[in-house]
Amino acid sequence: MHGYANPARFLKIARWFTMPLLVGGLVVTAAALAWGWTSAPPDRLMGDSVKILFVHLPAAWLGMGGWTAIAIASLVELVWRHPLAAISARAVAVPGAVFAFLCLASGSIWGRPTWGTWWVWDGRLTSMLVLLFLYLGYIALTNALAREGSSSRIAAIFGLVGAINVPIINRSVVWWNSLHQPPSITMGNSAIDPVYLYPLLACVLGFSLLFGGVVFARMRAILADAQAEARLRRKAQKAELAQATAGDA
């Protein structure tokens, strides 16, 4: 794990992965969405609106998966003090928030013809909205800590505490009476017809590749900003030292 703690070594690897992940994600996502939207038949009850699932479900999974990644990175930072853990958590936060928002937006669009309303305050929707707010709070906190040069351990604690919401989202439709349907995919079992399932899994793969590419790109940008700031700080220190030396002379 510490073998890639050196930023230069990590950046060398990240450069190789960023573009293939982004390009591959775009291609797979576009092909999977086209596959699902053209080949999947309308649902008996929901009609063509069921095809929103090809965006909604991957977004929901990646929204929860993003915060799970933040929690793991936060644990690694607190326990092993890995120097890239905080950077990876910051990099995950923005795409995670985007997918959480996309999940809520697509679910609302899907809910209007299915439930007759844009929004209901049931367990699944409310806990997913809480996740979006957690993402926004985490992004604001990490940006503030980075500006002030404060310890990122505060954000790591926030990331671990916020992870409590992930299993709540997952089990909410089981624990509480809800308009939202029960889990369609569980360990080793699926209630989704193969004509929907296979394009859905392809969409999950495509969105996941995009997610990974964006995370690598953001990690590279954060490291570049940190290196640029360090160079400016060194130049400022050299200028102050030169002025002090000239004053003494």
Side-chain angles (χ1 to χ4, degrees), residues 1-32 58-59 61-102 134-136 138-160 162-163 166 201-235:
M1 182 172 61
H2 284 276
Y4 302 100
N6 185 295
R9 183 179 300 172
F10 169 79
L11 286 172
K12 184 177 180 181
I13 297 172
R15 290 189 192 99
W16 283 97
F17 280 99
T18 303
M19 286 307 297
L21 285 173
L22 290 173
V23 174
L26 286 172
V27 171
V28 173
T29 300
W61 290 339
L62 288 172
M64 292 188 290
W67 197 276
T68 302
I70 289 176
I72 293 172
S74 299
L75 180 64
V76 171
E77 180 184 1
L78 291 172
V79 176
W80 290 283
R81 308 292 179 88
H82 197 287
L84 291 181
I87 293 173
S88 62
R90 283 185 62 193
V92 168
V94 171
V98 170
F99 277 109
F101 174 79
L102 185 60
L134 286 171
Y135 271 121
L136 298 178
Y138 183 86
I139 292 168
L141 177 61
T142 53
N143 288 341
L145 293 174
R147 284 195 304 269
E148 297 173 2
S150 302
S151 172
S152 59
R153 291 173 64 83
I154 300 173
I157 295 171
F158 185 92
L160 282 176
V166 174
L201 295 178
C203 287
V204 171
L205 175 61
F207 280 120
S208 298
L209 292 174
L210 279 175
F211 191 100
V214 171
V215 170
F216 272 121
R218 282 183 48 77
M219 288 184 71
R220 292 172 60 187
I222 293 170
L223 284 170
D225 288 343
Q227 292 171 350
E229 184 178 350
R231 285 195 294 268
L232 290 174
R233 191 180 298 113
R234 287 195 297 268
K235 289 181 180 179

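Along the sequence shown, the residues carry numbers beginning at 1.
The CD1 atom of I222 sits 8.0 Å away from the OG1 atom of T142 when rounded to the nearest 0.5 Å. For the atom pair I87 CD1 and L223 CG, the distance stands at 4.0 Å (nearest 0.5 Å). Distance CZ/F101 to CG/L136: 10.0 Å, rounded to 0.5 Å. Note that CD1 of I13 is 11.5 Å distant from OG1 of T18, once rounded to the nearest 0.5 Å. Taking CG of L21 as the start and CG of L26 as the end, the distance is 11.0 Å to the nearest 0.5 Å. Separating the OG1 atom in T29 from the CG atom in L205 is a distance of 8.0 Å, to the nearest 0.5 Å.
The aromatic rings of Y138 and W67 lie perpendicular to each other, with more than 60° between the two planes, well past the 30° mark.
When all heavy atoms of P95 and V215 are compared, the pair lying nearest together is CG-CG2, 4.1 Å. Contact between G213 and L22 at its shortest, heavy atoms only, is C-CD2, 3.6 Å. Between A155 and S74, the closest heavy-atom pair is O-OG, 4.4 Å. Across G96 and F211, no two heavy atoms sit closer than the pair N-CE1, 3.8 Å. Between M219 and L84, the closest heavy-atom pair is CE-O, 4.3 Å. Taking each heavy atom of A97 and I139 in turn, the nearest pair found is CB-CD1, 4.1 Å.
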Next item on the list: In sequence, state the C-alpha distance, the side-chain angles, and the governing distance for L134 and F158, and then conclude on side chain to side chain contact (heavy atoms under 4.5 Å, CB included).
Entry: CA-CA 9 Å; L134 286 171; F158 185 92; 4.0 Å; yes
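Put simply, the side chain of V92 does not reach to within 4.5 Å of the side chain of R218, judged on heavy atoms. Side-chain contact between F216 and F10 is present, with heavy atoms from C-beta onward closer than 4.5 Å. The shortest distance between side-chain heavy atoms of S208 and L62 falls below 4.5 Å.
Using a distance-only test at 3.5 Å, with no hydrogens or angles considered, a donor-acceptor pair links the side chain of S88 to the main chain of A85. Side-chain atoms of Y135 come within 3.5 Å of backbone atoms of G63 as a donor-acceptor pair (strictly under, hydrogens ignored).
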